[in-house]
Amino acid sequence: LRFVMSEIGKLDDNYIERNCVEEFLALDCDAYKLDDIEQDLSKLYKDLVKSTENNSKMIEERNQVREEIQVVTRAITLLKGSKSGANLSDSLLEPFERRVNQVSGVVSAADEQRLRLALFRASRGNAFTDFYPIAEPLVDPKTGLPVQKSVFVVYFQGAGGFSAPMHQKITKVCQAVGVNIYGWPADESTANASKVNLSQLLLEKDQALNAYNKFHQYEMDRMLAPARPGCNSLIEEYSLFLLKEKTIYDIMNMCNEHDVILRTSVWYPTAEQKQLEELLDGAAQEWGCQPAGIHAKKVSSATPQIGRAHV
């Protein structure tokens, strides 16, 4: 129940209809069952927890796809006119046995200068870093907050591909700064194909997130909707029922079990004993059970009357 209430608290429109206590107490005792409420809330809790975990993962993946699209878009601009299988004389960025390697990714604008200096020191000035600011803030996949970011591309010489010492060193520096690294396309056609695939993947991620949002909104609306016309929200009805059940058990815990009856001691004014007996008789007739008996214990007139009520 607390988890569902916390989820409702996150909504913008989270008004809970309350204060219809008399209408709730006037309900038939079979209107709600503890087992049914427990089953409903347990199922809702499991569904929300599972879907929230999946939703967090999907949001992170979607934000990564958005960042990678920015990297590929920048690659299309820089690789314009490059072709797979070009000669060394055509471009330094040839796909086979490249003399210039790249490490690319996305870095927050606040970490740009730190990354630039770290790469310069690690490469001893043998790496060139290009930064391209992204116009709109991107949601960071790790924190989930919108951050102003830039696409970066590090150019450096060295053979050996990913296993080259310089490549390993630059990759470790980028990881230490906390940037997100994405692959750099080999040529313009590869970059265009990657952008098409990533755009389709982004569409699928958005559809999955929309499905989660619809499910979440449906369940929250069900909890906020009045259980009956002119009464409390369903979540408030559940809260009142559980409070009522807890109160009943608290009262029963104050009783001592004696043979087949429950017995407890209560204080009441002597002048109200007849009114109390009538109230107990009326309750017994309403519920179809044996009436409770009061066995008064005489005490001094200066002390409030104490009696024992047997239920």
Side-chain angles (χ1 to χ4, degrees), residues 1-49 214-296 304-311:
L1 182 64
R2 287 193 295 269
F3 177 80
V4 176
M5 291 294 290
S6 66
E7 289 295 309
I8 291 176
K10 297 176 184 178
L11 301 175
D12 295 331
D13 185 11
N14 57 0
Y15 178 74
I16 300 177
E17 191 68 45
R18 290 188 169 98
N19 302 323
C20 299
V21 180
E22 296 298 329
E23 291 81 353
F24 170 77
L25 294 176
L27 287 175
D28 188 88
C29 61
D30 295 330
Y32 294 108
K33 296 290 186 181
L34 182 60
D35 292 340
D36 296 338
I37 293 178
E38 182 180 9
Q39 182 179 1
D40 187 17
L41 291 177
S42 297
K43 182 178 182 302
L44 180 59
Y45 170 77
K46 292 177 181 178
D47 291 343
L48 287 177
V49 169
K214 289 181 179 179
F215 162 75
H216 189 274
Q217 189 63 46
Y218 169 78
E219 291 296 341
M220 295 300 101
D221 289 344
R222 184 171 70 89
M223 288 289 118
L224 291 172
R228 297 167 308 283
C231 68
N232 301 301
S233 297
L234 181 59
I235 189 67
E236 180 66 11
E237 294 273 295
Y238 284 176
S239 299
L240 291 175
F241 176 82
L242 295 176
L243 178 61
K244 177 182 174 183
E245 289 289 299
K246 182 178 182 296
T247 304
I248 292 173
Y249 283 107
D250 286 343
I251 294 174
M252 292 180 65
N253 287 334
M254 298 172 63
C255 299
N256 299 319
E257 187 175 355
H258 179 72
D259 196 12
V260 294
I261 62 174
L262 295 176
R263 183 179 64 186
T264 187
S265 298
V266 297
W267 292 88
Y268 62 91
T270 306
E272 297 181 2
Q273 179 170 339
K274 184 176 180 181
Q275 181 182 354
L276 182 59
E277 290 174 344
E278 292 176 353
L279 183 63
L280 293 174
D281 290 340
Q285 293 177 4
E286 180 181 354
W287 296 99
C289 61
Q290 293 295 325
I294 298 179
H295 296 271
Q305 183 69 47
I306 182 173
R308 293 188 182 278
H310 297 276
V311 183

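Just so it is clear, the values below take in all heavy atoms, side chains as well, and ignore hydrogens, waters and symmetry mates.
Residues L34 and F241 meet the side-chain proximity criterion, which asks for heavy atoms closer than 4.5 Å. The side-chain heavy atoms of M223 and D40, taken from C-beta on, include a pair separated by under 4.5 Å. Residues F24 and L27 are in side-chain contact: their nearest non-hydrogen atoms beyond the backbone lie under 4.5 Å apart. A heavy-atom distance below 4.5 Å is not found between the side chains of Y238 and V4.
The environment of Y45 atom OH is sparse: at most 12 non-hydrogen atoms of other residues, nucleotides or ligands sit within 6.0 angstrom. Within 6.0 Å of atom CG in N19, 12 or fewer heavy atoms from other residues, nucleotides or ligands are found, so the atom counts as exposed in its surroundings. Residue Q39 qualifies as open at atom CD: its count of foreign heavy atoms under 6.0 Å is 12 or below.
From I37, atom CD1 reaches atom OG of S42 across 11.0 Å, with rounding to the nearest 0.5 Å. The distance from atom CG of L234 to atom OH of Y32, rounded to the nearest 0.5 Å, is 5.5 Å. Atoms CD and CG, on E236 and L243 in that order, are 9.5 Å from each other to the nearest 0.5 Å. Within the model, atoms CG of L48 and NZ of K43 stand 9.5 Å from one another, a figure rounded to the nearest 0.5 Å. One distance of note links CG of L41 with CZ of F3; it measures 11.5 Å at 0.5 Å rounding. Remark: C20 SG to L25 CG distance equals 11.5 Å, nearest 0.5 Å.
Here the closest non-hydrogen pair linking E17 and S233 is N-OG, 2.8 Å.
One N or O on the side chain of N253 and one on the backbone of Y249 form a donor-acceptor pair closer than 3.5 Å.
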Requested in this report: Begin from the C-alpha positions of R222 and E219 and carry the test salt bridge (charged side-chain N to carboxylate O under 4.0 Å, His left out) through to its verdict.
Outcome: CA-CA 5 Å; R222 184 171 70 89; E219 291 296 341; 3.1 Å; yes

Query raised in the report: Given the rule in the side chain to side chain donor-acceptor pair (under 3.5 Å) test, do D221 and Q217 qualify, once you have shown the distances and angles that lead to the verdict?
Result: CA-CA 6 Å; D221 289 344; Q217 189 63 46; 2.9 Å; yes

Query raised in the report: Which is it for I16 and N232 under the side chain to side chain contact (heavy atoms under 4.5 Å, CB included) test, yes or no, and what are the steps along the way?
Result: CA-CA 8 Å; I16 300 177; N232 301 301; over 6 Å; no

